[in-house]
Amino acid sequence: MTDGAERYDCHRGHGPYAGVSAFLGRVAADRPRLAARHAVELHAIAPQLDPAARPAAEEEPIRFHPARRTACLAYGAAELVAAWAGTLRRPVTVRFDHVAGADETTAELLDALARRLGPAPVRLDLRDDGAPDPAPDERTPQALRRALGDSLARGYYHHAARVARRGRAAVTPTATCGTGGRSPPAWPPPWRL
């Protein structure tokens with residue numbers, strides 16, 4: 001890590017654990033032995049760190065409530081960062097952008113980090129601004145289907161709902177045929193989401 005502020009984009013458009021997964025990847029690269037003790041949390045939050053990872057759809061389904069699971073992952077990741085902070089020789093500032101637009105998993109982990117770190121030499125700079133929002137999602141319907149399956153298999157239901165809405169918008173024609181010139185009604189109705 002450098003003396004300057006490390007910057008990570010937490011916008012929900014980047015998926016579950018956006019920004020924090022890249023930060024944890026940097027921590028794991030900096031202290032691999034320490035990271036090995038938190039392999040479960042690291043591989044769940046940042047699957048790209050696990051060379052043996054299979055797509056989530058091929059794994060066993062989650063056997064306990066996702067809210068409890070994400071809380072445990074957040075706590076374990078916060079413990080990893082706190083242990084890493086104890087090895088630093090000088091203070092480090094880590095900047096997270098788009099915190100107000102972060103996915104629920106990202107917000108939960110950032111909250112756990114803020115509570116756990118306290119006066120540690122790691123300073124969290126949580127900002128609602130940053131680079132412009134991510135570009136519109138232009139993935140193919142097949143790629144969106146895979147992303148949806150991955151989110152469901154991992155238990156990230158809020159993210160799965162957002163991916164499903166993007167997928168529906170991508171494959172739904174915008175024609176007004178049969179509606180008397182009006183746009184078709186939104187489906188599913190908002191109360192069913």
Side-chain angles (χ1 to χ4, degrees), residues 1-30 35 38 41-42 44-49 66-86 88 90-139 143-144 147-148 150-152 154-170 186 190-191 193:
M1 295 276 171
T2 63
D3 292 334
E6 297 284 328
R7 294 177 69 158
Y8 300 96
D9 189 357
C10 296
H11 194 280
R12 71 180 56 221
H14 298 302
Y17 295 110
V20 291
S21 64
F23 170 62
L24 291 173
R26 293 290 306 267
V27 169
D30 191 43
H38 296 274
E41 295 92 346
L42 283 172
I45 293 170
Q48 70 273 14
L49 298 177
R68 181 183 290 160
R69 177 176 180 262
T70 58
C72 290
L73 294 174
Y75 178 76
E79 288 297 312
L80 166 64
V81 174
W84 169 76
L88 298 175
R90 60 182 150 238
V92 173
T93 299
V94 183
R95 177 176 165 174
F96 293 98
D97 293 330
H98 294 123
V99 173
D103 184 80
E104 293 78 7
T105 56
T106 304
E108 182 177 36
L109 203 152
L110 288 173
D111 186 50
L113 283 174
R115 283 192 321 263
R116 179 62 181 90
L117 290 177
V122 175
R123 180 179 170 271
L124 299 179
D125 183 7
L126 306 177
R127 298 183 180 212
D128 292 337
D129 59 347
D133 289 347
D137 196 345
E138 296 184 10
R139 291 182 280 185
L144 287 169
L148 175 62
D150 188 60
S151 292
L152 288 172
R154 292 189 187 280
Y156 303 134
Y157 302 125
H158 289 94
H159 185 257
R162 283 191 295 275
V163 171
R165 281 192 293 273
R166 279 186 237 137
R168 175 166 284 191
W191 63 85
L193 295 177

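Remember, it's a predicted structure, so these values are computed and weren't measured experimentally.
Look at R95 and D97 and you find a salt bridge, because one of the NZ, NE, NH1 or NH2 atoms lies within 4.0 Å of a carboxylate O, short of that distance. Ion pairing between R115 and D111 holds under the 4.0 Å rule for side-chain N and carboxylate O.
Atom CG of L80 sits about 5.5 Å away from atom CG of L42, to the nearest 0.5 Å. Between E108 atom CD and Y75 atom OH the span is 14.0 Å, to the nearest 0.5 Å. Atom NE2 of H38 is separated from atom CD1 of I45 by 11.0 Å, given to the nearest 0.5 angstrom. In this structure, the separation between CD on E41 and CD on E79 is 9.0 Å, given to the nearest 0.5 Å.
Using a 4.5 Å heavy-atom threshold, the side chains of T105 and L109 count as separate. Using a 4.5 Å heavy-atom threshold, the side chains of W84 and L24 count as separate.
In terms of heavy atoms, L49 sits closest to G25 at CD1-CA, 3.8 Å. Heavy-atom minimum distance, A18 versus H11: CB-O, 3.6 Å. The two atoms that bring A107 and A102 nearest to each other are N-CB, 4.4 Å, heavy atoms only. Looking at every heavy atom in both residues, A112 comes nearest to A78 through O-CB, 3.9 Å. Across all non-hydrogen atoms, the minimal contact from A160 to L148 is O-CD1, 3.3 Å. The two atoms that bring A100 and D128 nearest to each other are N-OD1, 3.1 Å, heavy atoms only.
For F96, the ring pair (Phe, Tyr, Trp, His ring centres under 6.0 Å) criterion is met by Y8, F23, not counting sequence neighbours. For R162, the salt bridge (charged side-chain N to carboxylate O under 4.0 Å, His left out) partners are D103, E104, not counting sequence neighbours.
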